[in-house]
Amino acid sequence: MDYIEITEEVRKYTEAHVKKSRYEHSVRVAEMCARLCRFYGLDEKKGYLAGIGHDMCKDMPHDEMIETARRDGFPIIEFELKKPSLLHGRAAAVLIKEKFGVDDSDICEAIANHTSGKKGMCDLTKCLFLADKIEPGRPQVTQEYLDRLFKMSLNEMLCDILEENFEYLQKKGVEFYPGTEEMIEFYKN
């Protein structure tokens with residue numbers, strides 16, 4: 001796979017299909033994901049590609065997002081139908097495979113699960129999940145914050161961010177994905 005060419009195609013598509021602020025977020029996520037991949041000994045080109053494409057369906061109309069996500073073959077749960085924007089990662093994973101020919105299972109898994117995470121995710125999925133939460137445009141992200149996180153193993157960082165994100169959603173009174181608490185326990189153990 002020619003990562004440079006495909007990454008550029010995905011970058012252009014993302015830039016053309018999402019609002020400017022989301023595109024800028026996607027660039028920061030791609031850069032952070034590549035950094036995490038480098039730090040934890042993974043392929044940074046895969047990390048950058050997953051990051052630049054992770055939100056390419058975020059501004060897609062909900063009916064189209066649902067239709068696209070359905071093509072991944074997994075059931076869409078009631079929680080997702082109530083909040084269709086949660087399906088943007090699954091839709092992007094379908095699109096990156098169908099439109100751009102990316103059939104790398106780790107890249108597709110990472111993009112599909114970057115919002116909610118899942119039990120048993122591959123290391124690239126962990127990196128993209130983390131990059132989306134700790135990219136420099138997030139209000140809590142300072143150099144001190146990143147220095148603290150980068151002293152951790154990948155799984156320690158994942159647990160820390162999962163718990164932080166869970167507490168944040170609880171404080172805001174936002175309903176979280178079914179199974180989130182079980183996933184946190186899975187990674188703590």
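Since the structure is predicted, the reported quantities are computational estimates derived from the model, not experimental observations. All residue numbers in this chain count up from 1 along the given sequence.
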Just so I know, are the side chains of [X] and [Y] near enough to count as touching, which here means a heavy-atom distance under 4.5 Å?
{"X": "Leu158", "Y": "Leu154", "answer": "no"}
{"X": "Asp104", "Y": "Tyr3", "answer": "yes"}
{"X": "Leu146", "Y": "Met32", "answer": "yes"}
{"X": "His25", "Y": "His54", "answer": "yes"}

Is a donor on one side and an acceptor on the other found under 3.5 Å between the side chain of [X] and the backbone of [Y]?
{"X": "Thr68", "Y": "Ala91", "answer": "no"}
{"X": "Thr14", "Y": "Gly53", "answer": "no"}
{"X": "Thr125", "Y": "Met121", "answer": "no"}
{"X": "Glu109", "Y": "Cys122", "answer": "yes"}
{"X": "Glu80", "Y": "Ile77", "answer": "yes"}
{"X": "Tyr187", "Y": "Gly120", "answer": "yes"}
{"X": "Arg11", "Y": "Val27", "answer": "no"}
{"X": "Glu67", "Y": "Glu64", "answer": "no"}

Exercise. Can you name the one residue among Arg22, His17, His114 that meets side chain to side chain donor-acceptor pair (under 3.5 Å) with Asp55?
Worked result: His114
For this session: Please lay out, stage by stage, how Glu167 and Lys171 fare under the test salt bridge (Lys or Arg N to Asp or Glu O under 4.0 Å).
Result: CA-CA 6 Å; Glu167 289 170 16; Lys171 282 180 189 168; 5.2 Å; no
Exercise. Parallel, tilted or perpendicular: which fits the ring planes of Tyr13 and Phe100, with parallel below 30° and perpendicular above 60°?
Worked result: perpendicular
For this session: Tell me, please, which residues at least two apart from Phe186 pass side-chain contact (heavy atoms from CB on, under 4.5 Å).
Result: Lys119
Problem set entry | Pairing of Asp72 and Arg90 as salt bridge, 4.0 angstrom limit | yes
